There are 2 protein chains.
Amino acid sequence: MELGKGNRSVTSVDVARKAGVSQSAVSLVFAGKAEGRVSAQTQREILRVAQELGYRPNTVARMLRLGHTNIIALVIPDVSNPFFAAVLKGAEQAARQQNYAVVLVNIEDDLSWQGVVMDALTAHSIGGFVLCSVRPSEDVDLTLLRYRAVMVDVTHPEISSMLLDIVGGTRAAMRHLLGLGHRKIAHLATTVDAETFHQRRDTYKQELLGAGLLVRDDYTAYAALESGAAQRAARTLLQVADPPTAIFCDDDILAIGAYKAAQEAGLKIPDDLSVVGFDDGLIAQTLTPALTTVAVPATALGRRATEILLADFQIPHEPHREVMPLELRVRSSTAAPRNSTAM
Amino acid sequence: MELGKGNRSVTSVDVARKAGVSQSAVSLVFAGKAEGRVSAQTQREILRVAQELGYRPNTVARMLRLGHTNIIALVIPDVSNPFFAAVLKGAEQAARQQNYAVVLVNIEDDLSWQGVVMDALTAHSIGGFVLCSVRPSEDVDLTLLRYRAVMVDVTHPEISSMLLDIVGGTRAAMRHLLGLGHRKIAHLATTVDAETFHQRRDTYKQELLGAGLLVRDDYTAYAALESGAAQRAARTLLQVADPPTAIFCDDDILAIGAYKAAQEAGLKIPDDLSVVGFDDGLIAQTLTPALTTVAVPATALGRRATEILLADFQIPHEPHREVMPLELRVRSSTAAPRNSTAM
DNA sequence: CTGAAAGCGCTTACAG
DNA sequence: CTGAAAGCGCTTACAG
């Protein structure tokens, strides 16, 4: 069919023939390595003919010859989670700036992402990986990923990582509540088993103890990262005999549940109950009153992780580690407790 | 350095040599075209050796030989918009099922996305495109994209498209409000200039006229897709002399603004004011009371668009058009108007 | 059933 | 400054 012919693309050979030069000259010009190798005159002529013919170097041929691709993969648990979407956005920005493309690998519940990653690596289709919040099984050897991967929010002895200062963020949140005078602070935690949440939990306890308070079992409730479950969990917190005056939530999504449970119980936020979240995505400003929360700069995180990855390509060295600070954004969901008498 | 050597990957030649067969035999086996060409015995041996050596076909070499890649690009205005993130998720699901990867092309304000797309196409790095809510400039010739692209939410004479039944969705929303007895229905519209929003606007007007009502200028306010702007716009709607009893919002994000403006004005939703949104993402269930909204199945949309694209690759034909129906999800933000007297 | 060979479109030593 | 040539690792006619 004529489509096939019409589509047949113009190659460096076509340009060379028409310009009356060698194919190497064309290649040199487009690789930007022509200086001192091809006369200015010839370069101009090559460019002119290329333009006329609509020539564009075939990137696939280039990749084969060079032995590496300009594609990195972002491996994430779920794009439809706004946090990961924001990370992806940052990754794409950084990648594009250096002429790399980002492919998405959405892992969802598939815990054997290592297989997918290794396949992509050994099939030479992917130059590097940003592994976001996915933890490798202990028994998988990831040394092949040295200089080819950056882990986000997870550490690994052999691989560079971009971490969040979860401890600092949690501490800021807890000290804000303690500073307001709260002494009965509950923890609405998630059931998700990840380092980042363990750190929140540990810091929550530490800060309570540091303030001379006890860690009460009935001041902790667990829920999946989903507002319905969070609401049910928050309800149990508000129903204990001596209810908390503040709730620290592992994630803004859980804060939604806290708001709904408070409303059910006839409690006003922040007068009767203070709520602090974690994330600061769209949710935090959607909630009324606006949520006080620990902001996680997801886009910056994705951007920086990608920059580290691309830098690791250049000069292999020791795994790079960087920690991104987190800030507490104080809004309208926190205030001093109404009756500090119950202390 | 030893890394370079250690990394040198095993090729079909290595497998062939070790198995004592020709390179073509190895290639045939891995291309799944060995039946009747290579004896079962030899096939087993090849597979065994390949396994032992850790051989994986080099996809880049394969792409060069075959003349096409297994990569499609999703071109979207902004991944951090949850709607587009959901589309991306669906696209990735469909693509992966057929062994394609999806790269993200985040266009943001860059209106000249056609350049990026054409570059990627002519550079042979991308096999096809899902163009989501991006409208081509009139003067750009996209015939090269025939059979290589599917447009989502936009039509084009030469290119397949996956559309949403915006008219049906808007109609359902308006009839719901009219059915509840509302006669003073405002439109909180977005300033975003896209087909999809024009359709909402036109249908809004049509439904009012169809119900024997007038389209009032002061019942329309425009805002960017951002809750702060929406709040200011909604405020003006609630401050007109004879205020509306219901607001139809172009998007759930605008509904956030409507909720905030209602709260400011001391109006209870749905008793004093009914609000309908459009999208049904996370926001709709975050808002209190839960938002009645037109659900847009974004993930299904991305999945289906990608399926159409991959099918178009197989058998070039007339542009394919498909329309996805939209459903109204009735929740708690709509009720009969309190005083139907003001009619 | 099996193998030798051409060729996809580049990049890059190498020889002039 | 310029060109002929090898080779990246595949796929696929083609000859045996």
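The chains referred to below are lettered A, B, ... by the order of the sequence lines, with proteins before strands, and numbering in each begins at 1. What you see is a predicted model; the values in this text were computed from it and never measured.
Considering only the side chain of B/Ser9, D/dG9 comes nearest among D/dG9, C/dC10, D/dT11. Among D/dC10, C/dT11, D/dC8, the nucleotide with an atom closest to any side-chain atom of A/Arg65 is C/dT11. Ranking D/dT2, C/dT12, D/dC14 by closeness to the A/Leu66 side chain, first place goes to C/dT12. Checked against C/dC14, D/dC1, D/dT12, the side chain of A/Arg37 finds its nearest nucleotide in C/dC14. Listed nucleotides: C/dC10, C/dG3, D/dT11. Nearest to the side chain of B/Ser24: C/dG3.
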Next on the checklist: Under the criterion salt bridge (charged side-chain N to carboxylate O under 4.0 Å, His left out), I'd like the reasoning laid out for B/Lys89 against B/Glu92: C-alpha separation, chi angles, the key distance, then a yes or no.
Outcome noted: CA-CA 5 Å; B/Lys89 179 177 182 165; B/Glu92 203 262 349; over 6 Å; no

Self-check item: From CA spacing to verdict: salt bridge (charged side-chain N to carboxylate O under 4.0 Å, His left out), B/Arg48, B/Glu52
Solution: CA-CA 6 Å; B/Arg48 198 188 59 71; B/Glu52 188 182 322; 3.0 Å; yes

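B/Lys33 has no side-chain polar atom (N or O) that falls below the 4.0 Å cut-off from OP1 or OP2 of D/dT11. Here A/Ser27 does not reach the OP1 or OP2 of C/dT12: none of its side-chain N or O atoms lies under 4.0 Å away. When the side-chain nitrogen and oxygen atoms of B/Ser12 are compared with OP1 and OP2 of D/dC10, one or more of them lie within a distance under 4.0 Å. For the OP1/OP2 pair of D/dG9 and a distance below 4.0 Å, the side-chain nitrogens and oxygens of B/Thr11 include no atom meeting the criterion.
B/Ile46 has its CD1 atom 10 Å from the C1' atom of C/dT2, to the nearest Å. A straight line from CG of B/Leu64 to P of D/dT12 spans 13 Å, rounded to a whole angstrom. Remark: C1' of C/dC10 and CE of A/Met63 are 12 Å apart, rounded to the nearest angstrom. Following rounding to the nearest Å, B/Gln41 (CD) and C/dT2 (C1') show an atom-to-atom distance of 14 Å. Rounding to whole angstrom units, CD of residue B/Glu45 and P of C/dC1 are separated by 17 Å. Summarising the geometry, the separation between CZ on B/Arg17 and P on C/dA4 is reported as 12 Å, rounded to the nearest angstrom. Spacing between atom CZ of B/Arg62 and atom C1' of C/dG9 amounts to 18 Å, rounded to whole angstrom units. With rounding to whole Å, A/His68 atom NE2 is found 16 Å from C/dC10 atom P.
A residue-by-residue look at B/Ala61 and A/Gln23 shows that A/Gln23 has its nearest nucleotide of DNA chain D further toward the 5' end. Across the interface with DNA chain D, nearest-nucleotide mapping of A/Gly20 and B/Val60 shows A/Gly20 to be the residue nearer the 5′ end.
Nucleic acid contact class of B/Thr59 (heavy atoms, under 4.0 Å, all strands): none. Residue contacts for A/Val21: at a heavy-atom cut-off of 4.0 Å it reaches the sugar-phosphate backbone alone, with no base atom in range.
A salt bridge is defined here as a Lys NZ or Arg NE, NH1 or NH2 lying under 4.0 Å from an Asp or Glu carboxylate O, and A/Arg146 with A/Asp312 fails to meet this definition.
Heavy-atom minimum distance, B/Thr69 versus B/Gly127: OG1-N, 3.2 Å.
Remark: B/Gln97 CD is loosely packed, at most 12 non-hydrogen atoms of other residues, nucleotides or ligands lying under 6.0 Å away.
As the counterpart of C/dC1, D/dG16 is assigned, both hydrogen-bonding distances of the Watson-Crick or G-U wobble pattern falling under 3.5 Å.
Rounding to the nearest 0.5 Å gives a distance of 14.5 Å between CD1 of B/Ile46 and NZ of B/Lys18.
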